[in-house]
Amino acid sequence: MSPAKALLLEAIEISKSYGARLALDNVNLAVRPGEIAALLGPNGAGKTTTLSILATLLKPDSGHVLINGKPRKSDPTGLGRMLGLVPQSLALYPTLSAAQNVWHFARMQGLSHNDAIEHCKRALDEVGLGDRASDPMHAFSGGMKRLLNLACGIVHRPPVLLLDEPTVGVDLQSREQLLALIRHYADAGAGVIYSTHYMEEAERICDRVLLIDRGKLIAEGDLEKVISLGGSRPRIELTYRGQLPDGRFGSLAGVREIGTTVSEGKAILEMNSFAQVAEVLHGLRTLDVNVVDFNLHSPNLSDAFIALTGRTLRDQVL
C-alpha cells in the first residue's frame with residue numbers, strides 16, 4: 001500500500017473508560033483506500049469499543065477521529081455517510097423482506113426512493129441474495145443473515161467499511177462468499193477495518209494488522225512484520241524410531257530442540273530457516289534414527305498473536 005494515499009479514516013490518541021476500567025489507552029490507527037486492516041486482539045482487548053468510536057457511535061473520552069481528514073462535526077451528514085458499519089450483532093428487521101431491510105438502510109443513508117431501490121438490488125445481487133429479495137429475513141439461515149447484514153452496510157457504497165466479526169457462525173460457503181466480496185470491495189478502492197478472531201481470515205485477505213490488547217495498540221504493520229514480532233521460527237515436528245543420543249543436534253547451528261516425548265518417539269525442532277531441513281534429516285540418518293514422519297510449520301499470525309498477547313482469547317467484550 002502506497003504511503004502517498006490519503007487516509008480515509010484516522011483515530012488520533014483515542015481513549016475510553018467505563019467507570020474505573022480503561023478500555024482504550026491513547027490508540028492511534030488509520031486505513032487508506034484499497035486497504036484491509038485487520039483489527040485483532042483477545043476478547044476484552046478493546047476492539048468493539050474502537051469500532052464504535054470509529055463509526056462515531058461512541059464518543060471517546062479524549063482524542064478524536066478524522067474522516068477523510070476532517071472531524072465529523074464539520075459535515076455531520078456528508079462525512080457520516082462515508083462510513084458503513086456491519087456490526088457483530090445482526091442489525092436487521094426479522095419481519096421485513098431482504099429487499100425491505102436493505103432499502104430501509106439505503107433511505108437512512110439519504111438515498112432517494114428510486115436510488116434506494118436501485119442500490120438495494122445491486123447490493124443484494126453482490127452478496128448473492130438477489131433471488132431471495134422478497135423472502136422475510138427470519139426465514140434465512142445464519143449465513144444468509146450475515147450476507148444480508150453486509151448488504152445493509154454497503155448499500156450506500158461507503159468508501160470506509162467497518163466490519164465486526166462478520167463471519168461468526170457462518171457456514172463455509174457463505175464465509176468464502178463474504179471474504180471474496182470484502183476483498184473485492186477493497187480492491188475497488190474502499191478502506192476496510194476488519195475485526196476478527198479467525199487468524200486465517202486475516203492472513204488471507206488483509207494487507208495490514210492492528211493488534212490491540214488491554215486497550216493499547218501493541219503491534220502494527222504488514223503480515224510479515226507482525227509475524228516476525230512474535231519471534232517464532234520455522235519448526236519441524238518429527239516422529240521417529242530409534243534412540244536419540246544426548247547432544248544430538250549440538251553440531252547444527254541455529255537448530256534448537258523445543259520439545260521431546262521419548263516414549264512416543266516425537267521431537268520438535270526450531271530452525272533458522274527451512275533450508276536446514278535436509279541437514280537435520282541427514283544428521284538423524286547418520287545416528288541410525290529412522291524418521292517415519294515429519295511436519296513443517298511456518299510461523300504464522302496465530303503464533304505472533306499468542307506470543308505478543310501472552311494468552312488466548314478471553315471472554316469479556318469491550
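What you see is a predicted model; the values in this text were computed from it and never measured.
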Under a 4.5 Å cut-off applied to non-hydrogen side-chain atoms, are Arg233 and Asn272 in contact?
yes
Closer than 4.0 angstrom, basic N to acidic O: yes or no for Glu10 and Arg32?
no
Is the backbone of Asp171 close enough, under 3.5 Å, to the side chain of Ser174 for a donor and an acceptor to pair up by distance?
no
So do Leu57 and Leu85 actually touch side chain to side chain, heavy atoms under 4.5 Å?
yes
Any donor and acceptor pair, going by atom type alone, linking the side chain of Asn149 with main-chain N or O of Ala91 inside 3.5 Å?
yes
State the CG-OG distance between Leu58 and Ser52, to the nearest 0.5 angstrom.
5.5 Å
Interatomic distance, Leu150 atom CG to Leu163 atom CG [nearest 0.5 angstrom]
6.5 Å
The reported gap from OG1 in Thr56 to CZ in Arg72 (rounded to nearest 0.5 angstrom) is 3.5 Å
Is the side chain of Lys47 donor-acceptor paired with the backbone N or O of Leu39 at a distance under 3.5 Å, no angle test?
no
One thing to verify: whether Arg256 and Glu270 come together as a salt bridge, which I'm taking to mean a side-chain N less than 4.0 angstrom from a carboxylate O.
yes
First locate atom OG of Ser195, then atom CD of Glu201, and finally report the distance between them rounded to the nearest 0.5 Å.
10.5 Å
Salt bridge present between Asp125 and Arg122 (N-O < 4.0 angstrom)
no
For Ile182 and Val192, what are the C-alpha separation, side-chain angles and deciding distance, and is it a side chain to side chain contact (heavy atoms under 4.5 Å, CB included)?
CA-CA 8 Å; Ile182 293 164; Val192 181; 4.2 Å; yes
Can you find a pair of side-chain heavy atoms, one from Asn300 and one from Glu203, that are under 4.5 Å apart?
yes
Is there a side-chain contact between Leu211 and Leu308 (heavy atoms, below 4.5 Å)?
yes
Between the main-chain N or O of Glu237 and the side-chain N or O of Asn295, is there a donor-acceptor pair closer than 3.5 Å?
no
Without swapping roles, check the side chain of Thr239 against the backbone of Lys266 for a donor-acceptor pair under 3.5 Å.
no
Any non-hydrogen side-chain atom of Leu29 less than 4.5 Å from a side-chain atom of Ile193?
yes
Between the side chains of Arg183 and Asp207, is the shortest nitrogen-to-carboxylate-oxygen separation below 4.0 Å, so that they form an ion pair?
yes
As an exercise, state the distance from CG of Asp75 to CE of Met82, rounded to the nearest 0.5 Å.
10.0 Å
Check whether any side-chain heavy atom of His104 lies under 4.5 Å from a side-chain heavy atom of Tyr93, and answer yes or no.
yes
His113 and Trp103 aromatic centres sub-6.0 Å
yes
So, does Arg146 use its side chain to make a donor-acceptor pair with the main chain of Thr167 at under 3.5 Å?
no
Could you walk me through whether Val292 and Tyr240 pass the side chain to side chain contact (heavy atoms under 4.5 Å, CB included) check?
CA-CA 5 Å; Val292 296; Tyr240 62 89; 5.8 Å; no
Taking the side chain from Gln177 and the backbone from Gln173, do they hold a donor-acceptor pair closer than 3.5 Å?
no
Enter the distance from Gln88:CD to Glu165:CD here, rounded to the nearest 0.5 Å.
5.0 Å
Taking the six-membered ring of Tyr198 (Phe, Tyr or Trp), confirm whether the NZ or CZ of Arg175 is under 6.0 Å from its centre and within 45° of its axis.
yes
Is it the case that atom NE2 in His138 sees more than 12 heavy atoms from other parts of the structure closer than 6.0 Å?
yes
Are Arg208 and Asp222 ion-paired here, with the side-chain N under 4.0 Å from a carboxylate O?
no
Taking the basic N atoms (NZ, or NE/NH1/NH2) and the acidic carboxylate oxygens, is any pair closer than 4.0 Å for Lys121 and Glu126?
no
Could you tell me whether a side-chain N or O of Arg107 sits under 3.5 Å from a main-chain N or O of Leu111, the two making a donor and an acceptor?
yes
So Val127 and Leu148, do their side chains get closer than 4.5 Å, heavy atoms only?
no
Main chain of Ala275, side chain of Ser273: is a donor-acceptor contact present, judged purely on distance under 3.5 Å?
yes
For residues Leu7 and Ala30, report the shortest heavy-atom separation together with the two atoms involved.
CD2-CB, 3.8 Å
Would you say the side chain of Val209 lies within less than 4.5 Å of the side chain of Glu220, judging by non-hydrogen atoms?
no
Might you point out which heavy atoms bring Pro42 and Phe305 nearest each other, and give the distance in Å?
N-CZ, 3.5 Å
Is the backbone of Asn114 close enough, under 3.5 Å, to the side chain of His119 for a donor and an acceptor to pair up by distance?
no
